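Small disclaimer: the values here were computed from a predicted structure and weren't measured. In what follows, chains carry the letters A, B, and so on, assigned in the order in which the sequence lines appear, proteins first and then strands, with residues in each chain numbered from 1.
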2 protein chains.
Amino acid sequence: MATIYEVAALAGVSPATVSRFFNGTTVSPEKQRAVREAAAKLAFTPNKTARRLRKQSSEVVALLIPDIENPFFTALARGVEDRAQEAGFSVVLCNTDDDPGKELRYLQIAASEQMAGVILAPASDEADLGAIASLGSPVVAVDRTTPYPVDAVKVDNRAAGIAATTALFDAGHRRIACIAGPVGIEATEDRFLGWRQVMTARRAAMPDGFLQHANFRADGGHAAMQRLLALPEPPDAVLTTNNLMGVGALQAVVEAGADPARFGLAVVGELPFLFLTPRSVVQVRLPARHLGTTAASMLLERIGGDTQPPRTVVLRAELAR
Amino acid sequence: MATIYEVAALAGVSPATVSRFFNGTTVSPEKQRAVREAAAKLAFTPNKTARRLRKQSSEVVALLIPDIENPFFTALARGVEDRAQEAGFSVVLCNTDDDPGKELRYLQIAASEQMAGVILAPASDEADLGAIASLGSPVVAVDRTTPYPVDAVKVDNRAAGIAATTALFDAGHRRIACIAGPVGIEATEDRFLGWRQVMTARRAAMPDGFLQHANFRADGGHAAMQRLLALPEPPDAVLTTNNLMGVGALQAVVEAGADPARFGLAVVGELPFLFLTPRSVVQVRLPARHLGTTAASMLLERIGGDTQPPRTVVLRAELAR
DNA sequence: GAAGTCCATGAAATCGATTTCGTCAAGGAG
DNA sequence: CTCCTTGACGAAATCGATTTCATGGACTTC
């Protein structure tokens with residue numbers, strides 16, 4: 001790998017001039033040509049590490065998501081990537097597994113790698129954004145918010161929960177259970193609150209056991225659904241507050257021999273790779289990719305020097321079909 | 001962010017000693033304590049950029065995959081990540097979209113970022129590994145091989161194609177079509193060859209149109225299936241050479257009103273988030289995660305200085321159920 | 001007790017870019 | 001014609017770590 005010094009020597013100019021050439025400062029035409037030729041001959045690529053050390057910043061942003069195997073987050077990641085790419089930034093994807101420890105580690109890495117910024121779907125409220133924020137790197141929270149004053153992009157989760165539950169009511173269901181995510185995650189908690197609000201307003205019964213907490217994956221939804229079906233008086237419909245739990249729940253319904261077209265299922269999110277799903281399944285489509293592009297845009301503005309007070313953008317989810 | 005100099009000053013030692021403390025060289029107990037305390041007080045984190053510049057290497061590996069929204073590749077990525085994590089490495093995920101241009105760009109970035117190594121599912125044979133290889137960073141090809149002499153981890157794709165096709169035969173199908181991926185991708189081409197081998201051996205007819213090429217995504221499989229169903233004498237079964245094309249094909253079968261439990265469908269790979277799929281669907285399970293961990297292990301060995309000649313590891317796929 | 005090892009340590013060089021500062025020459029104003 | 005501004009450009013400092021080299025003291029060994 002050729003260095004700027006070798007290029008300078010070959011071109012008969014100083015390293016400073018080579019640097020200027022590559023960074024757009026004015027350089028006389030003859031020297032431009034000399035540098036261009038020398039660089040081409042040596043296949044020179046500027047060393048990003050050296051540049052980063054000197055400039056104290058990079059063209060890399062970190063994206064921290066809880067689960068890379070969840071299509072919601074990969075779609076979101078696609079959005080971030082596309083937008084960042086346009087602006088000449090690379091994206092580093094990090095899997096936090098909803099583990100605050102891993103999250104913290106990645107945040108520290110982002111800091112010590114001098115990344116230009118961080119987009120984070122926080123695993124917990126404790127996310128030590130303090131560390132990052134005090135560092136000057138901008139942070140944008142996505143999908144979930146944090147108590148720290150940073151930009152955020154989220155979905156109107158309460159409304160999503162309300163829409164989904166209402167749709168189940170409209171389909172004639174009354175005994176509607178809810179499979180919610182782990183406690184403490186604002187996004188899915190709001191969806192659960194939407195469910196409760198509708199249930200209360202419609203004076204529907206919410207017996208013990210109708211609220212199940214589960215991990216965010218399919219196995220969690222599956223187990224929770226089995227618990228619901230084992231109740232003395234099981235529900236005739238269920239709302240899951242994310243997509244993968246919906247997959248697991250549907251699986252459990254099918255396994256139990258119930259007719260999935262009869263049993264009411266509503267999902268906040270989309271059942272991924274949907275094809276044989278009964279039409280009766282209610283889905284509230286979340287703008288995953290859009291969340292990503294919006295978050296990336298906001299981050300890029302901050303990186304560009306925007307210093308307005310933190311904003312929160314709320315996107316609407318819409319009932320599919 | 002505190003620097004090593006500030007720590008040194010506070011601890012009353014030289015920067016060299018601080019560096020030695022953090023890198024495990026012998027330092028007297030008193031100075032160890034002094035450095036530890038100073039570092040703690042200043043919340044010192046070593047600047048990775050400076051370290052990387054000096055050491056000419058980093059603890060980051062790049063993983064280049066064609067499609068982050070394909071569960072096969074995310075599972076693979078998980079494998080890579082888990083293994084790398086254990087060894088203290090971070091993984092940077094890059095989406096090549098099966099675009100040789102993007103792939104080349106990311107390879108150059110990997111080079112100029114002085115990444116410790118690259119794991120690559122090549123988008124094309126032209127992948128300019130020359131650039132990377134000449135650089136000294138080790139490279140491991142995964143899922144697909146390349147003409148360059150690098151380590152590789154792949155699946156016995158021919159056998160997978162044979163197993164899937166044979167299963168369709170065993171289920172009584174004779175008019176079996178094949179939806180293959182784009183030409184030039186070795187992995188799926190081998191699967192197609194497996195199909196042809198079985199068809200030839202069993203003297204089954206392979207009329208024009210029974211071989212369809214499609215892009216690797218669900219929409220490609222969907223369109224290809226529609227073309228197959230529109231044939232004057234359509235097939236009664238189909239093999240798709242990857243998972244997402246299988247999703248699309250199944251969708252098309254259902255839409256066309258055919259009974260998916262009757263129409264034979266075999267997929268090399270797994271239908272993701274499978275639940276209502278007819279039991280009759282044949283799936284050849286690919287060890288996605290295992291491909292990832294194996295590739296990561298091989299890469300880590302190379303990073304560790306292993307210089308044996310390039311190896312190719314072939315994993316077996318097994319018929320599901 | 002002299003000579004030879006070994007080890008902890010600090011000073012200074014180093015990685016490869018960017019950037020400040022100063023110089024020098026050309027061009028414009030008075 | 002002289003003074004001043006402007007712009008190109010090179011020398012050298014800088015970013016923050018690692019690493020080489022030199023030194024001085026403690027410890028062995030004969």
From CZ of A:Phe21 over to P of C:dT19, roughly how many Å is that when rounded to an integer? 17 Å
Taking D:dA17, D:dT19, C:dT9 as options, the one with an atom nearest any side-chain atom of B:Val27 is C:dT9
Between B:Lys55 and B:Ser28, the residue closer to the 5' end of DNA chain C by nearest nucleotide is B:Ser28
Between B:Arg217 and B:Glu69, is there a salt bridge with N-O shorter than 4.0 Å? no
Choose from C:dA17, D:dT18, C:dT9 the nucleotide whose nearest atom is closest to any side-chain atom of A:Tyr5. C:dA17
Where the side chain of B:Thr17 is defined as all heavy atoms beyond and including C-beta, which of D:dA11, C:dA17, C:dG10 is the nearest nucleotide? C:dG10
Residues A:Glu59 and A:Lys48 bridged, charged N to O under 4.0 Å: no
Taking CZ from B:Arg54 and P from D:dA17, how many angstroms apart are they, rounded to a whole number? 14 Å
Would you call A:Arg289 and A:Glu81 a side-chain contact if the rule is heavy atoms closer than 4.5 Å? no
Taking OP1 and OP2 of D:dC15, is either one under 4.0 Å from a side-chain nitrogen or oxygen of A:Gln114? no
Whole-Å gap separating P (D:dA17) and CD (A:Glu113): 13 Å
Reckon A:Ser19 has a side-chain N or O less than 4.0 Å from the OP1 or OP2 of C:dT18? yes
Whole-Å distance separating the NZ atom of A:Lys48 from the C1' atom of C:dG16: 14 Å
Can you check whether any acceptor in the base of C:dT18 is under 3.5 Å from a donor in the side chain of A:Arg51, or vice versa? no
When you measure from the side-chain N and O atoms of A:Thr26 to the phosphate of D:dA8, is any distance below 4.0 Å, counting only OP1 and OP2? yes
Round to the nearest Å and state the distance from B:Arg52 atom CZ to D:dC15 atom C1'. 15 Å
Measure from the side-chain heavy atoms of B:Arg20 and tell me the nearest of D:dC9, D:dC21, D:dC15. D:dC21
Between A:Arg105 and A:Asp99, is there a side-chain N and carboxylate O pair less than 4.0 Å apart? no
C:dG10 C1' sits how many Å from B:Ile4 CD1, rounded? 13 Å
Which is more 5' along DNA chain D, the nucleotide nearest A:Ala50 or the one nearest B:Asn23? Just name the residue. A:Ala50
May I have the distance from B:Asn47 (atom CG) to D:dG16 (atom P), rounded to whole angstrom? 7 Å
Please determine if a side-chain N or O atom of B:Thr3 lies less than 4.0 Å away from the OP1 or OP2 oxygen of D:dG16. no
Calculate the interatomic distance between B:Gln56 atom CD and D:dT19 atom C1'; express it in whole Å. 13 Å
Taking C:dT9, D:dT14, D:dG10 as options, the one with an atom nearest any side-chain atom of A:Val13 is D:dG10
State whether A:Lys31 places a side-chain N or O below 4.0 Å from either non-bridging phosphate oxygen (OP1 or OP2) of D:dG10. yes
Check every strand shown and say whether B:Phe44 touches a base, only sugar-phosphate, or nothing at a heavy-atom separation below 4.0 Å. sugar-phosphate
Salt bridge or not for A:Glu37 and A:Arg33, using N-O below 4.0 Å? yes
Separation between CZ of A:Phe21 and CZ of A:Arg36, rounded to the nearest 0.5 Å: 4.5 Å
